[in-house]
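Computed from a predicted model, the values in this text were never measured in an experiment.
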Amino acid sequence: MQNAIELNAVKKQLGNFTLGPISLSVPKGCIVGYIGENGAGKSTTIKLMLGLLRADEGEIKLLGNNIKDFTPEMKKDIGYVFDNLYIPQEMNLKNAISFHEKLYGSAWDSKTCNSFVDRFNLPHNKEITHFSRGMKMQLGLTFALSHGAKLLLLDEPTSGLDPVIRDDVLDILLEYIQDENNTVLISSHILSDLEKAADYIAFIHKGQLLFMEQKDELVESCGILSLSSEQARDIDPSAIIGKREHKFGVELLVRRSLVPENMDMDKVSIEDIMIYMIKEDRQ
């Protein structure tokens with residue numbers, strides 16, 4: 001199966017921050033949640049994929065093609081949504097749609113665009129500067145989905161939105177990947193959303209990709225042990241992914257397969273895994 005995204009030893013220096021070198025392969029037909037703390041390199045990675053930044057080293061392929069070889073027609077296969085809508089804010093909806101129609105030419109699907117406008121109940125005559133944050137994100141998603149894109153790159157699109165709109169977005173993404181040729185990479189701090197929708201989780205920390213794993217397998221393979229400090233010393237160090245110490249003892253994020261089966265463990269969330277790993281790194 002062809003990968004939708006391939007990053008091979010990609011590196012980028014931005015001031016004192018270094019991204020990579022990272023390698024990442026994303027198969028077609030899935031949703032990947034791209035997680036990490038602020039400044040970890042999520043937005044930089046997406047900007048490199050879109051050609052908004054140029055990598056210092058390494059190779060980036062999208063939909064089987066090196067981005068250095070992309071033609072204007074090939075770029076129409078990539079849709080993107082950022083945390084804001086970067087088009088002239090004095091436009092109204094009609095102006096914005098007309099602009100994108102001319103930009104994408106024959107790839108533009110007016111029927112799809114109109115269906116999303118109706119679904120989101122977007123106002124036709126209000127200037128975009130007066131759109132709410134949620135409306136701007138919905139409009140950005142409408143544009144991304146209206147030119148036949150096979151790959152969506154979403155950078156914090158649901159940040160600051162209410163739960164109802166976020167749930168609508170997740171429903172749309174799940175509908176989108178019913179076509180096995182379509183793929184989504186979404187960075188988000190709202191990890192509960194990714195737990196609902198993502199097939200894979202890729203975790204970047206301080207510019208380094210720590211892992212990309214199937215979400216369900218990742219969650220099921222880990223557990224949290226609450227132990228005294230003395231009990232914690234008996235745990236195989238190779239089983240410990242992260243820990244949090246408190247006055248009553250210690251909580252350990254562990255690999256279930258490396259601890260005794262009779263030990264009581266709490267279930268974990270993606271957020272637990274991220275927090276424990278980052279805090280372990282800071283100790």
Side-chain angles (χ1 to χ4, degrees), residues 3-28 30-62 67 78 80-84 151-160 170 173 183-219 221-222 240-244 253 255 268-283:
N3 289 321
I5 299 172
E6 291 183 20
L7 274 63
N8 298 309
V10 172
K11 185 175 181 180
K12 180 66 180 178
Q13 185 78 36
L14 292 170
N16 294 324
F17 173 74
T18 302
L19 175 73
I22 63 173
S23 295
L24 172 69
S25 295
V26 175
K28 281 186 175 182
C30 68
I31 298 177
V32 175
Y34 197 37
I35 69 172
E37 73 276 21
N38 285 333
K42 302 186 300 298
S43 294
T44 300
T45 306
I46 291 175
K47 288 176 181 177
L48 287 168
M49 292 184 201
L50 290 171
L52 300 176
L53 293 173
R54 180 171 294 182
D56 299 328
E57 299 176 16
E59 179 185 59
I60 300 173
K61 289 184 177 181
L62 302 181
I67 63 168
I78 314 297
Y80 52 88
V81 181
F82 295 121
D83 61 352
N84 205 342
L151 173 62
L152 291 184
L153 302 175
L154 311 179
D155 190 11
E156 298 287 352
T158 59
S159 177
L170 295 181
L173 296 182
T183 309
V184 178
L185 178 81
I186 175 171
S187 77
S188 179
H189 285 107
I190 306 173
L191 303 187
S192 59
D193 286 353
L194 300 183
E195 294 227 29
K196 294 178 185 176
D199 300 295
Y200 294 86
I201 298 293
F203 178 29
I204 188 171
H205 176 50
K206 294 183 178 179
Q208 296 295 315
L209 186 68
L210 299 190
F211 64 76
M212 176 174 151
E213 297 187 22
Q214 288 191 346
K215 178 198 66 184
D216 292 340
E217 291 182 4
L218 176 65
V219 172
S221 68
C222 299
I240 301 172
I241 302 170
K243 64 182 177 181
R244 299 173 73 177
L253 176 67
R255 295 178 177 85
V268 301
S269 65
I270 299 301
E271 184 170 338
D272 290 328
I273 294 171
M274 176 176 162
I275 290 172
Y276 274 83
M277 292 186 73
I278 290 174
K279 290 198 171 185
E280 179 71 6
D281 181 62
R282 290 175 178 171
Q283 294 181 7

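For the residue pair F17 and K206, the shortest heavy atom distance occurs at CE1-C, 4.2 Å. When all heavy atoms are compared, the tightest approach of G20 to K11 is C-CG, 4.4 Å. Minimum interatomic distance between C222 and I241 (heavy atoms only, all atoms of both residues): SG-CD1, 3.7 Å. For the residue pair D193 and L170, the shortest heavy atom distance occurs at O-CD1, 3.8 Å. S188 and I35 make their closest contact through O-CG2, 4.2 Å (heavy atoms, listed as atom of the first residue, atom of the second, distance). Across all their heavy atoms, Y34 and K42 have their closest contact at O-CD, 3.4 Å.
Between F203 and H205, the ring planes lie parallel to each other; the angle is under 30°, not in the 30° to 60° tilted range.
Formation of a donor-acceptor pair under 3.5 Å by the E213 side chain with backbone atoms of K215 is not found in this model. Judged by distance alone, the side chain of D199 and the main-chain N or O of I31 form a donor-acceptor pair under 3.5 Å. In terms of modelled atom types and a separation under 3.5 Å, the side chain of S25 and the main chain of E6 share no donor-acceptor contact. Here the side chain of E195 pairs no donor or acceptor atom with the backbone of S269 at under 3.5 angstrom. Between the E156 side chain and the H189 main chain, a donor and an acceptor come within less than 3.5 Å of each other.
In this structure, the side chains of L48 and T44 come closer than 4.5 Å at one or more pairs of heavy atoms. You'll find the side chain of L151 stays beyond 4.5 Å of the side chain of V26, heavy atoms only. For the pair L53/L14, a side-chain contact is recorded, criterion being any heavy-atom separation below 4.5 Å from C-beta on.
No hydrogens or angles considered: a donor-acceptor pair under 3.5 Å links the side chains of T18 and Q13.
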Worked verdict on L19 versus I204 for side-chain contact (heavy atoms from CB on, under 4.5 Å): CA-CA 9 Å; L19 175 73; I204 188 171; 3.5 Å; yes
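Between the OG1 atom of T45 and the CG atom of L185 there is a distance of 8.5 Å, given to the nearest 0.5 Å.
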